[in-house]
**Student:** 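Below you'll find the structure I mean.
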Amino acid sequence: MRLLRWLTVPALAGGILVCAQSQKSPQSGEAIYKQKCGGCHGLDGKADTTIGKQWKMRDLTSPEVQKQTDSDLTRAIANGRGHMPAYELILGSERIQSVVAYIRELGKK
Ligand code: HEC
C-alpha cells in the first residue's frame with residue numbers, strides 16, 4: 001500500500017504540471033508563432049526561409065508590415081492572404097490577438 005502511494009503522488013504531481021503547461025503555452029503568442037508561423041515566416045519573422053524566399057514574403061519586422069494596424073494584421077491572419085492559410089478557425093480570435101502582440105514584439109527587436 002505504502003509503495004503504491006509513493007508511486008502515485010509524483011505521477012499525479014507530474015500530470016498536473018504537464019496539464020498546466022500545455023494549457024498555458026498555446027495561449028502565449030510566442031509559442032503559437034513558433035509552432036504555426038515560424039516555418040514560413042522564420043522564427044525571427046524575417047521570412048528568411050525557403051518558403052519565404054520562394055514566395056517573396058515580407059519581413060514581419062519591416063516598416064511595411066509594422067505600420068499596418070492591429071486589425072489589418074488580425075485580418076491577414078484570420079482570413080489568410082495569398083498563399084497563407086486562414087487561421088480564424090484554427091486559432092480563434094484570442095490566440096490571434098496574442099500572436100499579433102508577438103509580431104509587435106518581433107518588430108521592436
Ligand atoms: C504556409 C506558409 C505560411 C504560414 C504557415 C503562415 N504564413 Fe503568414 N504569410 C504567408 C505568405 C505567403 C504571406 C504573404 C501573402 C501575400 O501578401 O501575398 C503572409 C502574410 C502574413 C501577414 C501579412 C504581412 C504583410 O505582408 O503585410 C501576416 C501578419 C502574417 N502572414 C502572419 C502570420 C501568422 C501570425 C502566422 C501563424 C499563425 C502565419 N502568418 C503563418 C505565409 C504563411
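Whatever order the structure lists ligands and atoms in, that order sets their numbers, starting from 1. Along the sequence shown, residues are numbered consecutively beginning with 1.
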**Student:** Give the residue and atom name of whichever protein heavy atom lies nearest to atom 23 (C) of ligand 1, and the separation in Å to one decimal.
**Tutor:**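 Among all protein heavy atoms, the one nearest atom 23 (C) of ligand 1 is Arg81 NH1, 3.5 Å.
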**Student:** Taking it one step at a time, do Val99 and Lys36 satisfy side chain to side chain contact (heavy atoms under 4.5 Å, CB included)?
**Tutor:** CA-CA 10 Å; Val99 176; Lys36 310 239 183 237; over 6 Å; no
**Student:** Given side chain to side chain contact (heavy atoms under 4.5 Å, CB included), test Ile77 with Glu88 step by step and report yes or no.
**Tutor:** CA-CA 7 Å; Ile77 299 163; Glu88 185 152 42; over 6 Å; no
**Student:** Provide, to 0.1 Å, the distance between atom 28 (C) of ligand 1 and the closest protein heavy atom, together with that atom's residue and name.
**Tutor:**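 Answer for atom 28 (C) of ligand 1: Leu60 CD2, 3.8 Å.
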**Student:** In the protein, what heavy atom is nearest to atom 33 (C) of ligand 1, and what distance, to one decimal place, separates them?
**Tutor:**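 Looking at atom 33 (C) of ligand 1, the protein heavy atom closest to it is Met84 CE, 3.2 Å.
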**Student:** Relative to each other, are the rings of Tyr33 and His41 parallel, tilted or perpendicular (30° and 60° limits)?
**Tutor:**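 Tyr33 and His41: tilted rings.
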**Student:** In terms of heavy-atom contacts, does CD of Glu64 have more than 12 from other residues, nucleotides or ligands at under 6.0 Å?
**Tutor:**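 Result for CD/Glu64: enclosed.
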**Student:** Just need the protein heavy atom nearest to atom 37 (C) of ligand 1, so name the residue and atom and give the distance.
**Tutor:** Cys37 SG, 1.9 Å
**Student:** Using a 3.5 Å cut-off on N or O atoms only, is His83 in polar contact with ligand 1?
**Tutor:** no
**Student:** For Trp55, counting its heavy atoms only, list the atoms of ligand 1 lying under 4.0 Å from any of them.
**Tutor:** 1 (C), 2 (C), 12 (C)
**Student:** Identify, by atom number and element, the atoms of ligand 1 in contact range of Cys40, meaning under 4.0 Å from any of its heavy atoms.
**Tutor:** 1 (C), 2 (C), 3 (C), 4 (C), 5 (C), 43 (C)
**Student:** May I ask you to check whether His41 brings an N, O or S atom to under 2.8 Å from atom 8 (Fe) of ligand 1?
**Tutor:** yes
**Student:** Run the numbers for me: atoms of ligand 1, each under 4.0 Å from some heavy atom of Gln68, listed by number.
**Tutor:** 25 (C), 27 (O)
**Student:** Any side-chain heavy-atom pair from Met57 and Cys40 closer than 4.5 angstrom?
**Tutor:**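 In short, these two side chains touch, coming nearer than 4.5 Å.
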**Student:** Hey, could you give me the CD1/CG distance between Ile96 and Asp70, rounded to the nearest 0.5 Å?
**Tutor:**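 Between Ile96 CD1 and Asp70 CG, I get 12.5 Å after rounding to 0.5 Å.
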**Student:** Hydrophobic clusters here meaning ILVMFWY residues chained together by side-chain heavy-atom distances under 4.5 Å, can you tell me if Tyr102 and Tyr87 are in one?
**Tutor:**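 They do share one cluster, since a chain of ILVMFWY contacts under 4.5 Å joins Tyr102 to Tyr87.
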**Student:** Nearest to atom 18 (O) of ligand 1, what protein heavy atom do you find, and at what distance?
**Tutor:**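 Protein heavy atom at minimum distance: Gly82 CA, 4.1 Å.
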**Student:** Which atoms from ligand 1 have a heavy atom of Ile77 less than 4.0 Å away?
**Tutor:**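 In order of numbering, the contacting atoms are 32 (C), 35 (C).
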**Student:** Shared ILVMFWY cluster between Leu43 and Ile51, side chains joined below 4.5 angstrom?
**Tutor:** no
**Student:** With heavy-atom distances below 4.0 Å as the criterion, list the atoms of ligand 1 near Val99.
**Tutor:** 35 (C)
**Student:** Select one of side chain, backbone, both or neither to describe which atoms of Met57 lie under 4.0 Å from any atom of ligand 1, heavy atoms only.
**Tutor:**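 Side chain only; the backbone of Met57 stays clear of ligand 1.
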**Student:** Indicate yes or no: at least one non-hydrogen side-chain atom of Arg104 is less than 4.5 angstrom from one of Leu73.
**Tutor:**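 Arg104 reaches Leu73 side chain to side chain.
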**Student:** Looking only at distances, please establish whether an N/O atom of ligand 1 is found under 3.5 Å from an N/O atom of Arg58.
**Tutor:** yes
**Student:** Do you reckon Leu60 sits in the same ILVMFWY cluster as Ile32, going by side-chain contacts under 4.5 Å, direct or chained?
**Tutor:**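 Both belong to a single hydrophobic cluster.
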**Student:** So if I count the atoms of ligand 1 from 1 in the order they appear, which ones are less than 4.0 Å from some heavy atom of Leu73?
**Tutor:** 29 (C)
